[in-house]
Amino acid sequence: MIIEPKIRGFICTTAHPVGCATNVQRQIDHVVVKGAIPSDRKRVLVLGCSTGYGLASRIVTTFGSDADTVGVSFERAPAENKTASAGWYNNRAFEQRAKAAARVAVTVEGDAFSDAIKAEAIDAIKANLGQVDLIVYSVASPVRTDPKDGVTYRSAIKPYGGSVTSKTLNTGSGEVSEISVEPGTEEEMAATVKVMGGEDWELWIAALSAAGVLADGFQSLNYTYLGSELTWPIYHKGTLGKAKADLDRAAAAIRAQFGEQAAHVVALKAVVTQASSAIPVVPLYGTLLIKVMDEMGIGEGTIEQIDRLFRVKLQGDIALDEAARVRVDDWELSDTVQAELKKRWAVLNTENLPALADLAKYREEFLKLFGFGLGGVDYAADVDPQVVPAA
Ligand code: NAD
C-alpha cells in the first residue's frame, strides 16, 4: 500500500515503516559518528523505549556504550492493510540494527503499569541480561490503571489554582489565538499525579529488587520537564507539574533505600514528540524555541539531548541542582534564550509567526515522528505495512 500521513488533531494515525526505520538509523548515525561514550552500565532497561526520549536513550546506550537492552512500550502491531504505530516500527528497526551490531535487544510490548508486564520484563531480564545496571523511565501516557485496585486514572493537563489565559497555536492552520483553560480540580490533580507521578517508577524498582535483578550500585533515571516561565502556568505550576514534582519525592525515596546513585530525575529540553504535541501552549513555545536556539547555533532535538545527557552530564561526578536533578535543559533555560523567547512571545501573532518562529520545522519534526518527510525514502512506493526494512 501507499502510506500517507493522516493527521487528526495532534496525532498522526498512520506511520511509514521505511520512514520510521530511516529515522531510527538517523539517530544511530548521530551517536556513532560522535564516538564511544564511556560507561560501565552495560545492561539497561528502558521503560517507554519506542519513541521520543526513551527510544533515544535506548539508541545512545546501545550504540554509544555497547549496552544490551530490554525495552518496554505500548504499541500497535500492523495488519494487512493497516499500518502499525510508529513506535512498533521503531522497535523492530532498533532490534534489527542492535542485533546486527551484536547487541542484545529484547522488547516487551504491553502496559508497563501492569504487574503482568513487569513480570514479563523481569523474565526477559533474567533470560537475556541477568541483572540491570541502569533503568531509564520514559513512559508518557494519558491513562494508568493502578494494579493494586484496578482503578483507571486519566491525567488532565490543566492549570492549578486558577484559570489561565495564554497564546496558543493551531499547528495545522498556523493561527495564533488566545485560549483560556479552566483549572483542574483536586481530583484531576490527584489523577494526573497517579498517571505521571513517581508511583509506577517506585513499583518498578520494588519489583526488580524483589526479583533480584537489580545490580549493586544500579542507577535509574526519570525524565521531567520544568520549562520556561512562558509555559509554567499551564505546565510546571499546573496538574502535570504537580505530577512531575512527585518524581522528586519518588527519587528521594528510592535513594533512601538504594543509595545516592539509585535515582536521578533528569530535566530535559522541550522537543517535538507525540506526548509534547498534546499539551496546550507547548507547541507554540516549541516553534519559537526551535527558531531561537537554531539562530543561536545551539538547537537540539531528542537524540542530541540524550546524547549530551550520557556523553557529558552523566560522566564523572554528576552535577545536580538544588533538588538533586540532572539538568540538560540548561541551554533552553539560559538567560539569553529565555530573554529572546519572552521578547518574541510578547508580540507574537498569526502574521509575524513565520518571521519569529519556525512552524515549518516543527511540522517537519512532527511528521518525522511517524516516518514521513525523511530524505531517501520513496513515499510513492508500494510498501507492505508488516515489513520493516533491515539496515
Ligand atoms: P513519547 O510519547 O515519545 O514516548 C512515550 C513512550 O511511553 C512510548 O515509548 C510509549 O510506547 C510509552 N508508553 C505509553 N504508555 C505506556 C504504557 N502504558 N506502557 C508501556 N509504555 C507506554 O514521549 P516523550 O516526550 O519522549 O516523553 C518521555 C518522558 O520525557 C516523559 O516523562 C516526558 O514528560 C519527558 N519529557 C518530555 C519532553 C518533551 O518535550 N517531549 C521534555 C522533557 C521531559
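Read the numbers this way: they start at 1 and go in the same order the structure lists the ligands and their atoms.
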Short list, please: which atoms of ligand 1 are under 4.0 Å from a heavy atom of [X]?
X    : value
S276 : 39 (C), 40 (O), 41 (N)
E75  : 10 (C), 11 (O)
S50  : 8 (C), 9 (O), 10 (C), 11 (O)
F113 : 18 (N)
T224 : 43 (C), 44 (C)
A270 : 40 (O)
G52  : 3 (O), 26 (O)
G110 : 19 (N), 20 (C)

**Item:** ring-ring contact (aromatic ring centres under 6.0 Å, His included) assessment of H16 paired with F370
**Value:** CA-CA 6 Å; H16 200 285; F370 304 92; over 10 Å; no

Which residue and heavy atom of the protein sit nearest [atom], plus the separation:
atom                    : result
atom 30 (O) of ligand 1 : Y223 CB, 3.6 Å
atom 13 (N) of ligand 1 : V139 CG1, 3.9 Å
atom 26 (O) of ligand 1 : Y53 N, 2.8 Å
atom 42 (C) of ligand 1 : K269 O, 3.2 Å
atom 12 (C) of ligand 1 : G48 CA, 3.8 Å
atom 4 (O) of ligand 1  : T51 OG1, 3.0 Å

**Item:** Identified side-chain contact (heavy atoms from CB on, under 4.5 Å) partner of L268 from the options T224, I306, T302, V326
**Value:** I306

**Asked** If you draw the axis of the six-membered ring of F113, does the NZ or CZ of R144 fall within 45° of it and under 6.0 Å from the ring centre?
**Response** yes

Nearest option to [atom], as decided by whichever heavy atom of [options] sits closest:
atom                    : options                : result
atom 20 (C) of ligand 1 : A243, G71, S141, A112  : A112
atom 18 (N) of ligand 1 : T273, L55, D111, V272  : D111
atom 7 (O) of ligand 1  : A278, A267, A275, A140 : A140
atom 6 (C) of ligand 1  : S138, G54, S277        : S138

**Prompt:** Can you name the one residue among K269, H236, E332, K244 that meets side chain to side chain donor-acceptor pair (under 3.5 Å) with Y225?
**Reply:** E332

**Request:** Grab the two heavy atoms, one from I122 and one from A211, that are nearest each other, plus how far apart they are.
**Result:** CG2-CB, 3.5 Å

**Prompt:** In Å, rounded to the nearest 0.5 Å, how long is the span from CZ of R327 to CG of L309?
**Reply:** 13.0 Å

For residues 31-40, please give each side-chain donor-acceptor pair under 3.5 Å, one per line with the distance, not counting sequence neighbours.
unit_1, atom_1, unit_2, atom_2, d
S39, OG, R41, N, 3.0

**Message:** Holding to side-chain hydrogen bond (donor to acceptor under 3.5 Å, both in side chains), I want the full list of residues that pass it with K194, two or more places apart in sequence or in another chain.
**Reply:** D146, E199

**Prompt:** Under 4.0 angstrom from ligand 1, any heavy atom of G87?
**Reply:** no

**Prompt:** Using a heavy-atom cut-off of under 4.0 Å, does the side chain or the backbone of K244 touch ligand 1, or both, or neither?
**Reply:** side chain

**Prompt:** Is V108 reachable from V46 through a run of hydrophobic residues whose side-chain heavy atoms are each under 4.5 Å from the next?
**Reply:** no

**Request:** Establish whether M189 and Y153 are linked, either directly or via other cluster members, by ILVMFWY side-chain heavy-atom contacts under 4.5 Å.
**Result:** no

**Prompt:** So is there a nitrogen or oxygen of F74 less than 3.5 Å from a nitrogen or oxygen in ligand 1?
**Reply:** yes

**Prompt:** Are any of the N/O atoms in V271 less than 3.5 Å from those in ligand 1?
**Reply:** yes

**Item:** Check against salt bridge (charged side-chain N to carboxylate O under 4.0 Å, His left out), R344 and E295
**Value:** CA-CA 13 Å; R344 294 186 190 199; E295 282 176 3; 2.6 Å; yes

**Request:** Take Y137 and D200 through the side chain to side chain donor-acceptor pair (under 3.5 Å) test and state the conclusion after the steps.
**Result:** CA-CA 9 Å; Y137 192 101; D200 187 55; 2.7 Å; yes

**Message:** Please verify the inter-ring angle class for Y223 with Y53; under 30° counts as parallel, over 60° as perpendicular, anything in between as tilted.
**Reply:** perpendicular

